[in-house]
Amino acid sequence: MSHLFYLVGPPGSGKRTVGKALSALTGAALLDNHLFNDPVFTAFGVDGVRPVPPELFDLAEEVRQVGLRALRLAPPTRSHILTNYLSRVEEGEEIVAELRALARERGAAFVPVWLTCPLPELEARMGQPERRERLKLRDPLILRGLLERGGVMDAPADALVLDTSRLGPLEAARRIVAFAGGVPVADALASPGWFPLQYNYVCNISGVFRSERGRA
């Protein structure tokens with residue numbers, strides 16, 4: 001059975017980084033939110049510091065829908081990883097329902113994963129060089145305001161919740177695989193130390209927990 005992994009978390013929580021580790025571990029195609037955002041952001045000149053006009057997110061959503069149509073046409077054995085930030089004030093439930101329906105349509109297992117991280121750590125990560133290269137939010141003050149206004153959508157009851165301040169990306173990916181029921185592992189991880197050092201966070205391995213509740 002194929003899988004549709006959905007990684008949700010605030011800016012800086014490591015959605016793409018964990019997604020890359022998960023892709024290498026499982027062979028699933030990584031379609032992170034900036035894959036859809038960047039064509040629009042690059043054309044406009046988004047710099048990760050100045051606020052992004054709302055109209056650009058509407059255009060990025062059009063690109064995302066094209067990507068989802070292509071995903072629907074993919075072979076049924078192909079797994080995918082999608083990432084996103086969903087706030088409490090958006091229509092996140094509709095997005096999650098859309099992806100659940102897409103997974104059912106493809107006969108794939110839907111695997112929701114919520115990534116959490118304390119605000120001070122998120123703010124510290126805003127300065128990472130990769131964020132400039134990927135046109136990501138880089139201003140800690142804008143990040144703080146964004147989270148104060150909208151927060152992060154509560155995890156669904158069936159979601160895995162991981163704190164990326166306490167887990168490295170490879171360990172997080174391994175826990176996602178275990179949570180999904182043991183997805184076949186790709187050959188990329190046959191030897192230790194495969195993951196680039198620039199993506200290694202300080203690891204203090206903690207227990208995995210499920211959310212108590214049942215939204216790039």
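- Side-chain N or O atoms of Ser23 include one that pairs as donor or acceptor with a backbone N or O of Ala28 at under 3.5 Å.
- Remark: side-chain polar atoms of Thr42 are paired, donor with acceptor, to backbone N or O of Asp38 under 3.5 angstrom.
- Between Thr83 and Arg16 there is no side-chain heavy-atom pair separated by less than 4.5 Å.
- Residues Lys15 and Val113 are not in side-chain contact: their nearest non-hydrogen atoms beyond the backbone lie 4.5 Å or more apart.
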Full working for side-chain contact (heavy atoms from CB on, under 4.5 Å) between Arg78 and Ser2: CA-CA 6 Å; Arg78 185 165 177 79; Ser2 62; 6.0 Å; no
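- Between Tyr85 and Gly151, the closest heavy-atom pair is OH-O, 2.6 Å.
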Test salt bridge (Lys or Arg N to Asp or Glu O under 4.0 Å) applied to Arg100 and Asp158, step by step: CA-CA 12 Å; Arg100 286 187 191 276; Asp158 60 342; 2.8 Å; yes
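- Take Arg50 and apply the side-chain hydrogen bond (donor to acceptor under 3.5 Å, both in side chains) test, not counting sequence neighbours, and it matches Asp47.
- The heavy-atom pair separating Leu122 from Pro11 by the smallest distance is CD2-O, 3.4 Å.
- A 4.5 Å side-chain heavy-atom check between Pro156 and Trp114 finds at least one atom pair inside the cut-off.
- For the pair Val152 and Leu86, the minimum side-chain heavy-atom distance is 4.5 Å or more.
- Nearest approach of Ser165 to Glu121, heavy atoms of both residues: CB-CG, 4.3 Å.
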Derivation of the side-chain contact (heavy atoms from CB on, under 4.5 Å) call for Ser13 and Thr116: CA-CA 6 Å; Ser13 59; Thr116 68; over 6 Å; no
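- A heavy-atom distance below 4.5 Å is found between the side chains of His80 and Arg106.
- Salt-bridge formation is detected for the pair Arg88/Asp154: a Lys NZ or Arg NE/NH1/NH2 atom is positioned less than 4.0 Å from an Asp or Glu carboxylate oxygen.
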Audit row: Val111, Tyr6, side-chain contact (heavy atoms from CB on, under 4.5 Å) steps and yes/no: CA-CA 6 Å; Val111 185; Tyr6 190 37; over 6 Å; no
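- Using a distance-only test at 3.5 Å, with no hydrogens or angles considered, a donor-acceptor pair links the side chain of Ser79 to the main chain of His3.
- With hydrogens and angles disregarded, no donor-acceptor distance shorter than 3.5 Å links the side chain of Lys136 to the backbone of His34.
- In this structure, Ala159 and Ala155 approach most closely via the heavy-atom pair CB-CB, 4.0 Å.
- To the nearest 0.5 Å, atoms CG (Leu71) and CG (Leu4) are separated by 6.5 Å.
- No chain of hydrophobic side-chain contacts below 4.5 Å, direct or via other Ile, Leu, Val, Met, Phe, Trp or Tyr residues, connects Val49 to Leu137.
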side-chain contact (heavy atoms from CB on, under 4.5 Å) between Leu30 and Lys20, intermediate numbers included: CA-CA 7 Å; Leu30 174 59; Lys20 288 178 68 175; 3.6 Å; yes
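- In this structure, the side chains of Glu62 and Phe36 stay at 4.5 Å or more apart for every pair of heavy atoms.
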CA sep, side-chain torsions, deciding dist, call: Arg64, Glu98, salt bridge (Lys or Arg N to Asp or Glu O under 4.0 Å): CA-CA 12 Å; Arg64 188 182 80 95; Glu98 173 191 35; 2.8 Å; yes
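- Here the closest non-hydrogen pair linking Pro112 and Phe179 is O-CE2, 4.2 Å.
- Atom CG of Leu82 sits about 5.5 Å away from atom CG of Leu31, to the nearest 0.5 Å.
- Residues Leu119 and Leu147 are in side-chain contact: their nearest non-hydrogen atoms beyond the backbone lie under 4.5 Å apart.
- To the nearest 0.5 Å, the span separating SG on Cys117 from CG on Leu162 amounts to 12.0 Å.
- For the side-chain contact (heavy atoms from CB on, under 4.5 Å) test with Ile176, the passing option among Thr26, Leu25, Leu7, Ile81 is Leu7; the others fail.
- Nearest approach of Gly150 to Ser87, heavy atoms of both residues: O-CB, 3.6 Å.
- Rounded to the nearest 0.5 Å, atoms CG (Asp139) and CZ (Arg131) are 11.0 Å apart.
- With rounding to the nearest 0.5 angstrom, the CG atom of Leu143 is 9.5 Å from the CD atom of Glu148.
- The distance from the CG atom of Leu115 to the CG atom of Leu160 is 8.5 Å, given to the nearest 0.5 Å.
- In this structure the side chain of Leu68 reaches within 4.5 angstrom of the side chain of Leu99, judged on heavy atoms.
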